Amino acid sequence: MARTANSRLMLVILAAVFAFLYVPISVLVALSFNDGGLPTAWTGFSVKWYGELFRNADVMSAAFNTLVVAVVSTIFATLFGTLLAIGVEIRRRKGRFLETIIFAPMIIPDIVLAIALLSFFSMLNVTMGLHTVILSHVVFNLAFVCSVVRARLKTFDWSIVEASADLGASTPITMIRIVIPVMMPAIIAGALLAFTLSVDEFIIAFFTAGAGRASITLPMQIFAMIRFGVTPEINALATIVMAVSVIALALSQRLNRGGLPGQ
Amino acid sequence: MKDRRPLYLMAPALAWLTAFMVIPCLLILALAFFRRGLYGGIEYTFTLENLALVFDPLYAGIFLKSAAIAGLSALIAVIVGYAAAFAIAAAPARRQPILLFFAVLPFWSNYLVRTYAWIVLLNREGLITGLAQWLGFDGELPKLLYTESAVVVGLVYNYLPFVILACYAPLSRLNPEIAEASQDLGASAWTTFRRVTVPLTFPGIATGFVFVFVLSIGNFVTPALLGGGQFQMIGNLVYAQFLTANDWPFGAALSMILIAIMMGLLTLQTFASERASGAKREDS
């Protein structure tokens, strides 16, 4: 493997793959700062398209909706997912059925969960809106939080819990004063992951948000806008959305060196 | 504290998953066996018509087409992703984490945005057309966007980082002495790669392939955006049954098939991985 012909080939492969991965998004980011707004002619640097974006009432209300959905579903998912992770890890008997139920939300195709929830809500005659999107997002978010927290719990030193119990602390006190603080980095990492997944999630939101304009989320807004073609405004919006997810996930990754699920 | 009844800790999450995942999924399973009502509602009489309809030539054609597109995307993604993972694993050890990080970074950004990036590149006033004109190409360029090729490119682009990750894991664990031994015994680098490296890292390849195939075959965003609604894939068909055609039982039957394909492939993949690791153990 040390021969130069081979290592040159490896460099060519790396260069080609990284170009393939990064050229499309880089072009997009560059065009969002193009004053003229045309994709083929660079007429100078400008942030005016970002300004347009903030004056676009549809985009702003969609962004607000997304923030509401992401924050509320992240809070529930973090709470439930963390408790679930601790519960599963302190159980001695590992049930295959339980593992399947916990793992399922991460692998079930979005479209299947989306139509299942749509059928479910409409059969119960539930009026759909942001609240149904939140209910639905908690499903996959709690699974992801659980998997991040569980990964960290594998290396958790349970003897400190026994020490706490020996010293007379009750289980809830041990939980709040010992387990949760030690696990905090992983819990925050899981929460950040859940937040990004929720901000980016399109299909389930699209099916469970109901018909009204009032409950459109940002990805739904982006989907509607892209169908009508390329505009410099979408480029700017896409750049912001991309930056938010990358920053949140880089933070999550830093906090939780155990890595993201799937890695 | 170990083994104190942890049920109360798991109860909220399990209740949530039961209410908003298990029950809805069972519901569409049941829905697939009911008749479509006259005005788009559901008539509660048992029927196998919906499942039979899936195998109607019209819809079977869409299934085959979806499978072909998903299969082609998975194949290309595995070839490119394996090459990339191999190159990363061959890089100096201290550079590997950063290379891997940047290979996966795009995977973290919004799916719609990554797909949109290709619309920007491929559309008629897009960069590629502009580049061709700038290079002096006057003729009519073939249509780039709203084609099957555009859909395949979009799917490969979106799922490539996952394949790189899946293939890198076994490649980085591979003992370099095995390849050296093969070459010492007279095998060429290519033969070693083909007969030693690839079989030993097969679980990663299988995981990558299954992942891309499963996500592609049920995808409705990429065909809608990059295919421009020119042709349908299963995902679009399911979408239409629920949001426009109002034939929920048929839509439910279609998604049951989707789940069946997914479970079948995942089982095969687990089986293949177990066999591969079993073979390794026998060798050592």
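Within every chain, numbering begins at 1; the chains are lettered A, B, ... in the order of the sequence lines, protein sequences first and strands thereafter. Keep in mind the model is a prediction, meaning the values are calculated, not measured.
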Self-check item: B:Leu215 versus chain A, the contacting section by heavy-atom distance below 4.5 Å
Solution: neither
Practice problem: Count the heavy atoms belonging to other residues, nucleotides or ligands that lie under 6.0 Å from CE of A:Met123, then report whether that count exceeds 12. | Solution: yes
Self-check item: Pick from A:Ile115, A:Leu118, A:Ile203 with the largest number of heavy-atom pairs that fall under 4.5 Å of chain B
Solution: A:Ile115
Quiz item: Which atom pair, heavy atoms only, marks the closest approach of A:Leu135 to B:Trp16?
Solution: O-NE1, 3.1 Å
Quiz item: Is it the backbone or the side chain of B:Ile88 that comes under 4.5 Å from a heavy atom of chain A, or both, or neither?
Solution: both
Self-check item: Nearest-0.5 Å distance, CG of residue B:Leu31 to CZ of residue A:Phe120
Solution: 13.5 Å
Quiz item: By a 4.5 Å heavy-atom criterion (distance strictly below it), what part of B:Ala19 contacts chain A: side chain, backbone, both, or neither?
Solution: backbone
Practice problem: Just give me the residue among A:Ser245, A:Ser136, A:Pro24, A:Pro105 that pairs up with chain B most often, heavy atom to heavy atom, under 4.5 Å. | Solution: A:Pro24
Exercise. Side chain from CB out, backbone as N, CA, C, O: work out which of these in B:Phe102 comes under 4.5 Å of a heavy atom of chain A, or both, or neither.
Key: both
Quiz item: Yes or no on side-chain contact (heavy atoms from CB on, under 4.5 Å) for B:Tyr157 and A:Ile25, after CA distance, side-chain angles and deciding distance?
Solution: CA-CA 11 Å; B:Tyr157 182 73; A:Ile25 36 186; 3.7 Å; yes
Self-check item: Pick from A:Val29, A:Val244, A:Asn235 with the largest number of heavy-atom pairs that fall under 4.5 Å of chain B
Solution: A:Asn235
Quiz item: When you look at CZ of A:Phe76, are more than 12 heavy atoms from neighbouring residues, nucleotides or ligands closer to it than 6.0 Å?
Solution: no
Practice problem: Using the test side-chain contact (heavy atoms from CB on, under 4.5 Å), find all partners of B:Asn110 that sit at least two apart in sequence or belong to another chain. | Solution: A:Asp200, A:Pro219, A:Val241, B:Leu112, B:Val113
Practice problem: May I have the step-by-step check of side-chain contact (heavy atoms from CB on, under 4.5 Å) for A:Val112 and B:Val238, ending in yes or no? | Solution: CA-CA 9 Å; A:Val112 174; B:Val238 174; over 6 Å; no
Quiz item: How long is the span from the CD1 atom in A:Ile101 to the OG1 atom in B:Thr18, to the nearest 0.5 Å?
Solution: 6.0 Å
Self-check item: A:Phe207 CZ to B:Phe242 CZ distance, which is reported to the nearest 0.5 Å
Solution: 8.0 Å
Practice problem: Give the member of A:Val230, A:Leu28, A:Thr239 that has the highest number of heavy-atom pairs under 4.5 Å with chain B. | Solution: A:Val230
Self-check item: Verdict with reasoning, A:Leu21 to B:Leu105, per side-chain contact (heavy atoms from CB on, under 4.5 Å)
Solution: CA-CA 9 Å; A:Leu21 286 175; B:Leu105 190 64; over 6 Å; no
Exercise. Under 4.5 Å, heavy atom to heavy atom: which of residues 77-85 of chain A reach chain B? Give them by number, or say none.
Key: A:Phe80, A:Leu83, A:Leu84
Quiz item: Does B:Trp108 use its side chain to pair, donor to acceptor, with the backbone of A:Ile247 at less than 3.5 Å?
Solution: no
Quiz prompt | Closest approach of B:Ala84 to A:Leu14 (non-hydrogen atoms, all atoms of both residues) | solution = O-CD2, 4.1 Å
Practice problem: Assign the ring pair B:Trp118 / A:Phe20 to parallel, tilted or perpendicular, where the plane angle (0 to 90°) is split at 30° and 60°. | Solution: tilted
Quiz item: Would one find more than 12 heavy atoms of other residues, nucleotides or ligands at under 6.0 Å from atom OH of A:Tyr22?
Solution: yes
Exercise. For B:Asn123, check side chain to side chain donor-acceptor pair (under 3.5 Å) against everything at least two apart and list the hits.
Key: none
Quiz prompt | Residue, of A:Val138, A:Ile222, A:Val23, A:Val27, that accumulates the most heavy atom pairs under 4.5 Å with chain B | solution = A:Val138
Practice problem: To the nearest 0.5 Å, tell me how far A:Ile107 CD1 sits from B:Phe211 CZ. | Solution: 11.0 Å
Self-check item: CA sep, side-chain torsions, deciding dist, call: A:Ile226, B:Thr115, side-chain contact (heavy atoms from CB on, under 4.5 Å)
Solution: CA-CA 10 Å; A:Ile226 346 189; B:Thr115 306; over 6 Å; no
Quiz prompt | Under 4.5 Å from a heavy atom of chain A, the part of B:Leu145 involved | solution = neither
Quiz item: Looking at CZ of A:Phe121 and CZ of B:Phe20, how far apart are the two atoms once the value is rounded to the nearest 0.5 Å?
Solution: 5.5 Å
Quiz prompt | Where B:Leu27 and A:Ser119 come nearest, the two heavy atoms and their spacing | solution = CD2-C, 3.8 Å
Quiz item: Got a second to check how far A:Leu142's CG is from B:Met21's CE, nearest 0.5 Å?
Solution: 9.0 Å
Self-check item: Interchain contact, A:Phe140 with chain B, by part (heavy-atom threshold 4.5 Å)
Solution: neither
Quiz item: Of the listed residues (A:Val199, A:Leu197, A:Leu113, A:Leu117), which shares the most heavy-atom pairs with chain B below a 4.5 Å separation?
Solution: A:Leu117
Quiz item: What are the two closest heavy atoms between B:Ala87 and A:Ile13, and how far apart are they?
Solution: CB-CG2, 4.1 Å
Self-check item: Closest non-hydrogen atom pair, B:Leu225 against A:Arg227
Solution: CD2-CG, 4.0 Å
Exercise. Tell me, for B:Leu17 versus chain A, whether the close heavy atoms (under 4.5 Å) come from the side chain, the backbone, both or neither.
Key: side chain
Quiz item: Is B:Tyr239 reaching over with its side chain to a backbone N or O of A:Ile111, donor-acceptor style, under 3.5 angstrom?
Solution: no
Exercise. Using non-hydrogen atoms and a 4.5 Å limit, figure out which bit of B:Leu26 sits close to chain A: side chain, backbone, both or neither.
Key: neither
Exercise. Could you tell me which portion of A:Phe18 (side chain, backbone, both or neither) has an atom closer than 4.5 angstrom to a non-hydrogen atom of chain B?
Key: side chain
Self-check item: Residues that B:Val152 engages under side-chain contact (heavy atoms from CB on, under 4.5 Å), provided they are two or more places apart
Solution: B:Ile69, B:Leu72, B:Ser73, B:Ile76, B:Val156
